[in-house]
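Structure, as structure tokens:
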2 protein chains.
Amino acid sequence: MSQQRTGHEAGITGRVGAVTPSAVLGSQPDFPDLPEATVARLPEYLRALHHLAETGHDTVSSEGLALAAGVNSAKLRKDLSHLGSYGTRGVGYDIEPLVGQIEYILGLNKRRAVALVGVGNLGHALAGYAGFASRGFRIAALFDADLTRVGELINGIAVRHIGDIPEVVKSEAISIAVLATPAGAAQAVADQLVAAGVTSILNFAPVVLNLPEQVDVRKVDLAVELQILSFHEHRKSARGAEQAKALARGAELAKTVARNGSPVAARGEVAA
Amino acid sequence: MSQQRTGHEAGITGRVGAVTPSAVLGSQPDFPDLPEATVARLPEYLRALHHLAETGHDTVSSEGLALAAGVNSAKLRKDLSHLGSYGTRGVGYDIEPLVGQIEYILGLNKRRAVALVGVGNLGHALAGYAGFASRGFRIAALFDADLTRVGELINGIAVRHIGDIPEVVKSEAISIAVLATPAGAAQAVADQLVAAGVTSILNFAPVVLNLPEQVDVRKVDLAVELQILSFHEHRKSARGAEQAKALARGAELAKTVARNGSPVAARGEVAA
DNA sequence: CGCGATTTGTGCACCTGTTCACAAGCGCTT
DNA sequence: AAGCGCTTGTGAACAGGTGCACAAATCGCG
Ligand SMILES: NC(=O)c1ccc[n+]([C@@H]2O[C@H](COP(=O)([O-])OP(=O)(O)OC[C@H]3O[C@@H](n4cnc5c(N)ncnc54)[C@H](O)[C@@H]3O)[C@@H](O)[C@H]2O)c1
Ligand SMILES: NC(=O)c1ccc[n+]([C@@H]2O[C@H](COP(=O)([O-])OP(=O)(O)OC[C@H]3O[C@@H](n4cnc5c(N)ncnc54)[C@H](O)[C@@H]3O)[C@@H](O)[C@H]2O)c1
């Protein structure tokens, strides 16, 4: 249970990017072939590294970084080994160059412009989110279909009408968009975004978007997350109910922790 | 690219719950041993099924449901086969009983009570989110540390002080909490929640929570999602630069579409 | 009542990702 | 300069998940 589940990649197949140029340009490290699972963890490593740097460290062991990032150290070492060698045996990793390398790999050298479409309940919160800016992104445009909202200033940036998407996406060189419209509008809006040149979409609407192959879509669905938790709750309570019958002693605790030794579905019960 | 990435399970190991009782009691289906990857997809199937039911279908083929859920049909069939047999060869799946079974498995029989802690920018939006209620959950309590916020009514429910957590969690039998406090407060709040009896947490704060083994934690981090997209953007542009040199023609488009077999397909519609 | 069309359920081969465990490498100390 | 303790980097075994391809089952129709 406790290896933290950060939502990612149920099982995306294949490595990312088949055709590596393999030409080393300038002093920039090459663009390696990263396993998708590794890519999904790099942002977490990056966050942990920034935190460590801020708290005065300039070196960290795989064990320490793994702890901070919520993974085990073997996995972390293997992940980092894909980026090239930034560690020193007997010592650990130099934080600064490692941060630089991860940021480079993630394409965060340059602050990326992001468009946010649908400035409602959720969109409003996202538009005001500071972590956006502090982690490599710049909200370059806000869009909504509701004319009464157009013109409104949020965090210093004006809401524009979705009709302006093509123009603004081009002028601001936006390639990533965040979609926070109602589900019913999401597909149409996504189509407009893609037509305007957007190639990556973070979708908060609970629908599966149907888009061209080359467009990257990630989906965040709060209800899905809760339902997964609910499943485990259901399981836990089933397990708990049985154990209550079988034993009142704590001797079994070890087994419970040991994982997997779980039986019987007690139907009715739900909460602990 | 186009198999939609719903955020989940980088690589959680092990099946969920090993020893299945195999005793079938009453008419209720058994509690099967589900692969974690399957669990993570069930909510998406459920959403798609509800949508289908609402649009008048009462049967759907694996192909149709797979399309609506953004997976391929073989995977879908295998997933559903874990739940028992709810399909008829030559016909498809009966939507109604299948919905019932998935809801049962996910523990959504009974509407689960959820607590939300941190009623700020994001928390406010979440508290007002309708999809919460419509997908099996009930916001049973809102908490904040800020006394000026305590007492405020959001969506008909009053914000309470975090000091009330133990009392309310017990009285409302809350086992799931959503954490939307600043990162700095998250660990402390999580500890309080767990002490009060919460056993599942959905964490929006960008920190790794350190909690007892038996507590389930899922994390949603907007910046992480964007950074993953950024990686792919970086990739695409690197590749694009290379391809631009190699070809300027669109002959490649065919290849792009050919991938995955699914030729663009009808937009909104799902089954024939 | 049997036949063909259709679609499920699954065995199997493949592949990605995880974990173990240890040799290689580094720096410090003596 | 050699020894020692520590930590990385990685080969190899393992686990889990995916997708193909097909046999089994069901339906509708003639
Ligand atoms: N609020 C949440 O906490 C939350 C959580 C998870 C998911 N979601 C999802 O995010 C989406 C937005 O939720 P919300 O609560 O902010 O809804 P909302 O109704 O408050 O906001 C939707 C906004 O989108 C705008 N809009 C509608 N059609 C549009 C179009 N065609 N083009 C551009 N903008 C358009 C509306 O004017 C409105 O401002 C929904 O799909 C919802 O399911 C919301
Ligand atoms: N706003 C977003 O779109 C967004 C997106 C992703 C992640 N997040 C994360 O979600 C969290 C909340 O973001 P926000 O923008 O709503 O911040 P916010 O500052 O607007 O809200 C935080 C709320 O938590 C309350 N709080 C502070 N300490 C508390 C404590 N000890 N116990 C209970 N409540 C406490 C504050 O009073 C405030 O109401 C942050 O960790 C942020 O990084 C926010």
Side-chain angles (χ1 to χ4, degrees), chain A residues 3-6 8-18 32-42 45 59-67 69-95 97-98 101 259-260, chain B residues 3-6 8-18 32-42 45 59-67 69-95 97-98 101 259-262 271-272:
Chain A
Q3 184 123 314
Q4 216 126 136
R5 290 109 210 246
T6 234
H8 295 308
E9 321 305 333
I12 303 308
T13 51
R15 308 254 140 174
V16 175
D33 232 15
L34 297 181
E36 189 66 38
T38 296
V39 172
R41 284 187 294 263
L42 289 181
Y45 300 157
T59 260
V60 65
S61 70
S62 65
E63 199 64 52
L65 183 51
L67 189 68
V71 301
N72 74 37
S73 61
K75 198 186 286 186
L76 179 123
R77 286 200 299 279
K78 187 147 286 182
D79 282 343
L80 294 190
S81 77
H82 291 300
L83 314 186
S85 193
Y86 285 81
T88 327
R89 291 165 195 239
V91 179
Y93 297 89
D94 276 356
I95 292 181
L98 185 53
Q101 171 66 350
R259 202 158 177 80
N260 254 5
Chain B
Q3 184 121 313
Q4 217 125 136
R5 290 111 209 245
T6 237
H8 294 307
E9 319 306 331
I12 303 308
T13 50
R15 308 254 139 171
V16 177
D33 231 12
L34 296 181
E36 190 65 39
T38 296
V39 173
R41 284 187 294 264
L42 289 182
Y45 300 157
T59 260
V60 65
S61 71
S62 64
E63 199 65 52
L65 182 52
L67 190 67
V71 301
N72 75 37
S73 62
K75 199 187 286 185
L76 179 125
R77 285 200 300 278
K78 189 151 290 184
D79 283 341
L80 293 190
S81 76
H82 292 300
L83 313 187
S85 194
Y86 284 82
T88 328
R89 294 167 193 233
V91 178
Y93 296 90
D94 276 356
I95 292 181
L98 185 52
Q101 170 68 348
R259 244 180 139 59
N260 239 13
S262 94

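Proteins come first, then strands; the chains are lettered A, B, ... in the order of their sequence lines, and each starts at number 1.
- Here the C1' atom of nucleotide D/dT8 and the CG atom of A/Leu65 are 13 Å apart, to the nearest Å.
- If you check distances only, the side chain of A/Arg89 never reaches the base of D/dT7 with a donor-acceptor pair under 3.5 Å.
- Computed from coordinates, the A/Leu34 CG to C/dG17 P distance equals 11 Å when rounded to whole Å.
- Considering only side-chain N and O atoms, A/Ser62 lies under 4.0 angstrom from the phosphate OP1 or OP2 of D/dT8.
- At the phosphate of D/dT18, neither OP1 nor OP2 sits under 4.0 Å from any side-chain N or O atom of B/Asn72.
- Counting non-hydrogen atoms under 4.0 angstrom, B/Ser73 reaches nothing in the nucleic acid.
- At a cut-off of 3.5 angstrom, the base of C/dG9 holds no donor-acceptor pair with the side chain of B/Lys78.
- Taking every heavy atom of both residues into account, B/Leu65 and B/Val60 meet most closely at N-CG2, 3.6 Å.
- Annotation: side chain of A/Leu34 is in contact with side chain of A/Leu42 (closest heavy-atom distance under 4.5 Å).
- Between A/Lys75 and C/dT19 there is a side-chain N or O to OP1 or OP2 distance below 4.0 Å.
- When all heavy atoms are compared, the tightest approach of A/Gln101 to A/Leu83 is NE2-O, 3.1 Å.
- Summarising the geometry, the separation between CG on B/Leu83 and C1' on C/dG9 is reported as 13 Å, rounded to the nearest angstrom.
- Atoms OH (A/Tyr86) and C1' (D/dT10) sit 19 Å apart, rounded to a whole Å.
- Considering only the side chain of A/Tyr93, D/dT8 comes nearest among D/dT8, C/dT8, D/dC27.
- When heavy atoms are screened at a 4.0 angstrom cut-off, A/Ser85 is found touching the sugar-phosphate backbone but no base atom.
- Distances from the side chain of A/Ser61 to the nucleotides C/dG27, D/dT8, D/dT26 place D/dT8 closest.
- You'll find that the side chain of A/Arg77 is closest to D/dG9, out of C/dG17, D/dG9, C/dT19.
- The side chain of A/Arg41 lies closest to C/dT18, out of C/dT18, C/dG17, C/dC26.
- Put simply, B/Ser81 has no side-chain N or O that comes within less than 4.0 Å of OP1 or OP2 on C/dT8.
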